[in-house]
Amino acid sequence: MATERYNPRDAEPRWQKKWNEAKVFETDNADPREKYYVLEMFPYPSGRIHMGHVRNYAMGDVVARYKRARGYNVLHPMGWDAFGMPAENAAMERNVHPAAWTYQNIASMKSQLKAMGLSLDWSREFATCDVEYYQHQQHMFVDFLEKGLVYRKQSKVNWDPVDNTVLANEQVIDGRGWRSGALVEQRELTQWFFKITDFSQDLLDALDGLDQWPEKVRLMQKNWIGRSEGMTIRWEIVGETAPAGETEVTVYTTRPDTLFGASFLAISADHPLAKDAAAKNAEIDAFCEDVRRAGTSLAALETAEKRGIDTGIRVRHPLDPSWELPVYIANFVLMDYGTGAIFGCPAGDQRDLDFARKYGLPVIPVVMPRDGDVATFAVGDTAYDGDGVMINSRFLDGKSTDEAFNIVADRLSSASLGNAPQGERKVNFRLRDWGISRQRYWGCPIPVIHCQDCGVVPVPKKDLPVKLPEDVTFDQPGNPLDRHPTWRHVACPHCGKDARRETDTMDTFVDSSWYFTRFTAPWESKPTDFAAANRWLPVDQYIGGIEHAILHLLYSRFFTRAMRETGHVDVKEPFKGLFTQGMVVHETYSRGSGMSREWVAPADIKIEELDGKRRAFLLSNNEEIAIGSIEKMSKSKKNVVDPDDIIASYGADTARFFVLSDSPPERDVIWSEAGVEGAHRFTQRLWRLISEAAEALSDVTATPAKDGDALAISQLAHKTLKAVQNDYDKLWFNKAVARIYELVNAIAGPLTTVAAGKADAAYRAAVRDAAEILVQLVAPMTPHLAEECWSVLGQDTLLSQTAWPKYDDALVVENDVVLPVQINGKKRAELTISRDADQTTVSDAALALEDVKRVLNGQVPKKIIVVPQRIVNIVV
RNA sequence: GCGGGCGUGGCGAAACUGGUAGACGCAAGAGACUUAAAAUCUCUCGGCCUUUGGCUGUGCGGGUUCGAUCCCCGCCGCCCGCACCA
């Protein structure tokens, strides 16, 4: 009888080796079975995996293993999102080359992932910093350029004057560079952009079809794309106030219905008319400068005061040429939305109202709520921006806001100013084109050459890849590619004259926008194997953090469309199913307070319970440590648990099982030592029960019981199988865990009975059937333990290559049901009755129950509600 | 400000989205085995009461219903996203 404890340190590497040798997880593109593509967001190679990775990959692995057992041809690859700033920071701080640092990190993280026993096809692995990968990205960039999906334009960027580099918005903290602490400047630079806005409408519309995405993510994308319906209106500038060469101002509005409530026009400080005015007037120039600076300082915009300055320009109202309005430059008007100019309707917009009150401009109420009274309706400190009835609006009076919108839109569309319509209906999007230029070394070089005569010339495809030079220095700030002695000097591919290579590299979000496509044929000499990509895509189940809800997922959706337009794939949507998992969180421990607060790692303390209160003490000297709030694991708060330590002491299966238990997968899971021990106890218990009974089960074939003592065991096993199957389909791992516990609790006794030699052959066969089902149910979560159990049961095949069991319908359906019997909605009794008993039989049987008679005490039921197979409610 | 989500035992949570509230796990308590400890096993575990029974209970207040954790209305409290988008 095998009674030794299960030893994961021995078993886990042993089974990993067997899976490896049998190439169980290598996927054949030619396999004709139905495909299933599972993918977890690939990691940045920071050096160590953390618990968040463990949870993410454990979930993906359950899906992959489950689908494989269900007979699908599963693709489950892994790679590395390997370009990016941390590698350059390491180079600056520690004088290591970014490539060396990155590949070393990949090597150590890979061995950590391997220790988790994930069913990954490592033969398809790549890193985005491999030339073999990024060269294809350069090919596609050139294709996109030809298709007009890439362009250059001047754009404002956050410029760090100390580090000499562009900063992303997230890297600007309170107006200062996150590394240098220098005041960030706004600079106009010529940058490369992807034309994501070409797809605004399609990216929005297609969200409706992504019914296997979380509603929350679809909504976030919808808001980000930000579609609004309105119109552009051209306002004629009054001749004598017009700057030279200017005759009109175009504004964008979603409320043309409120046009009679206009009292001013406001333009952005970056608007051409503003620049023009600034050139002539020092006061205006100073104001514009001020606005520009304030814009970068991320000061709470909520409280930002509305400010403006009169340009002296006057415009004519489009519906009444005799009505002249002033044009202001205002700090709340954005140049890159709409046209950079608005008309202010103070009664209908809070910002306009604040502005009008400050500068003494008229406030004319034009929309009144439906239940308002024209005689008394007035606008005080709060603008009314809702729907209603038009007032003070001449020919629009009495119309609804919708009607007024259409009347004004029609009228201005058919009126003309100069040779063009005065107004046009226009749909606007909040989404902006994607700026991909980064002044950094560790990224994919943008494959173009700048020639004085020929302009911007794409690198001819025969000259690709443009490889990053290896001999670069990081001893000074700025882009090492810019100061490399030779790399940037090339001959123009057109005219052969001396030309300059582009030294900007691509945003790393580009790398992650198509890696899932590359996995479908990573060996291909073109970016994609067209047929393979179309066959595997979309990814059936994508799993990752909610933090990528907008950027990464939206960029990938765009990139897939762009690849389709350039003939690299024939799918539009990259991810059919999306799941966003919660974080792994942990208690925090600290001593001291305020500035001298010091965080303590969980590994350095022990928890004791004194008088029912949990208290923490330092292991080294028993000093008491304060237990703080539960927070995301982070290095700064030291509340991290290293997966390596957990795998070393409990094994990978325990770690996997624990992060899948308890909390629903989309919610945060609290890591606790006690919880892990609970999970570990389960693995030991399962092993003990199975291994002790194994010998007694060796002479029977698994056969579910049809009657007798073992019937209940077979029924529960098959019901659990059906339920867990559904749980796995829906990614309800915590429910699957709970049901598996229930099954183990129920068959623990029978297994012990069998082990003691006290069961007949039929009973043993039923227990064996239940045990096999149990082992197969846990296999996706704790694959090593399951293989070990499978093997001790005398199976000589790999469980990883074994088909999912089938439940027996007859065992899943109950013949008798237990119905709760309520009297006036309160449960008073239980009734066991045949599942297909008719209503009369059920109510008669319910009324005949002793408990029911006692509570009724002679009262005559007014009504008896029988919900078949659910409940009986007697109303008196 | 706008949009979305969530409030269930000491804790993480379940409840087939209108039908037995608290499955399963953690923590705690009692007991068995043991020289002892660990491990393991058994039992108890929302609150209150007059305890073979009863009342009450899913953030708070109402409503619909034979019946509400679930649906509707109004509050309270947390969390997340976007944020001067015209």
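Lettering follows sequence order; numbering is per chain, from 1.
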Using atom P of each nucleotide, how far apart are B/G63 and B/G57 to the nearest Å? 14 Å
Of all the nucleotides listed (B/C24, B/C82, B/C55), which has the minimum atom distance to the side chain of A/R828? B/C55
Using whole Å, report how far CD of A/Q684 lies from C1' of B/C41. 16 Å
Distance, rounded to the nearest Å, where A/L431 contributes CG and B/C82 contributes C1': 14 Å
Specify the separation, in whole Å, of atom CG of A/L819 and atom P of B/G67. 19 Å
With a 4.0 Å limit, can you tell me whether A/R307 has a side-chain N or O closer than that to the phosphate oxygens OP1/OP2 of B/C84? no
C1' gap between B/U44 and B/A27, integer Å: 14 Å
Rounded distance in Å between the C1' positions of B/A13 and B/C26: 11 Å
With a 4.0 Å limit, can you tell me whether A/N734 has a side-chain N or O closer than that to the phosphate oxygens OP1/OP2 of B/A14? yes
Considering just the side-chain nitrogens and oxygens of A/K827, establish if one lies under 4.0 Å of OP1 or OP2 belonging to B/G67. no
Find the distance A/L743:CG to B/C24:C1' and express it as a whole number of Å. 13 Å
Between P of B/A86 and CG of A/L325, the distance in whole Å: 21 Å
Lys/Arg N to Asp/Glu carboxylate O, A/R218 vs A/E215, below 4.0 Å: yes
Below the 4.0 Å mark, does B/G81 have OP1 or OP2 next to a side-chain nitrogen or oxygen of A/K222? no
Using the C1' atom on both, measure B/C73 against B/G12 and round to a whole Å. 32 Å
Report the relative orientation of the aromatic rings in A/W671 and A/F658; use parallel for angles under 30°, tilted for 30 to 60°, perpendicular for over 60°. perpendicular
Does this structure show an ion pair linking A/D668 with A/K632, if we count only N-O contacts that are shorter than 4.0 Å? no
Please determine, for the side chain of A/T253, which listed nucleotide (B/C26, B/A86, B/C84) has the closest atom? B/A86
Ignoring hydrogens and angles, are the base of B/C79 and the side chain of A/R667 linked by a donor-acceptor pair under 3.5 Å? no
Whole-Å C1' distance, B/C33 and B/U42: 11 Å
Is there a side-chain contact between A/N745 and the phosphate of B/G25, meaning an N or O under 4.0 Å from OP1 or OP2? yes
Quick one: which of B/U20, B/G4, B/C24 gets closest to the side chain of A/L219? B/G4
In whole angstrom, give the distance that lies between atom CZ of A/F332 and atom P of B/A83. 19 Å
Atom CH2 of A/W224 and atom CG of A/L553: how far apart are they, to the nearest 0.5 Å? 13.0 Å
Under 4.0 Å, heavy atoms only, any strand: does A/S663 hit a base, just the sugar-phosphate, or nothing? sugar-phosphate
Using only side-chain N and O atoms of A/Y252, determine if any of them is under 4.0 Å from OP1 or OP2 of B/A86. no
Looking at B/A83, I'd like to know if its phosphate oxygens (OP1 or OP2) sit under 4.0 Å from a side-chain N or O belonging to A/R430. yes
I need the CZ-C1' distance between A/R218 and B/G81, as an integer number of Å. 16 Å
Pairing donors with acceptors under 3.5 angstrom, does anything connect the side chains of A/Y741 and A/S661? no
Carboxylate-amine/guanidinium contact A/R835 A/D816, below 4.0 Å: no
With respect to the phosphate group of B/C85, does any side-chain polar atom (N or O) of A/R351 fall under 4.0 Å of OP1 or OP2? yes
On the side chain of A/K306, is there an atom forming a donor-acceptor pair with the base of B/C84 - under 3.5 Å, no angle test? yes
In whole angstroms, how far is the P atom of B/C24 from the CG atom of A/D727? 15 Å
Please answer whether the main-chain N or O of A/V427 pairs with a side-chain N or O of A/E229 as donor and acceptor at a distance below 3.5 Å. no
Using the side-chain heavy atoms of A/K826, tell me which of these nucleotides is nearest: B/U56, B/A86, B/G3. B/U56
Among B/G19, B/G53, B/C41, which nucleotide has an atom closest to any side-chain atom of A/R854? B/G53
In whole Å, measure the gap between the C1' atoms of B/G9 and B/A28 for me. 13 Å
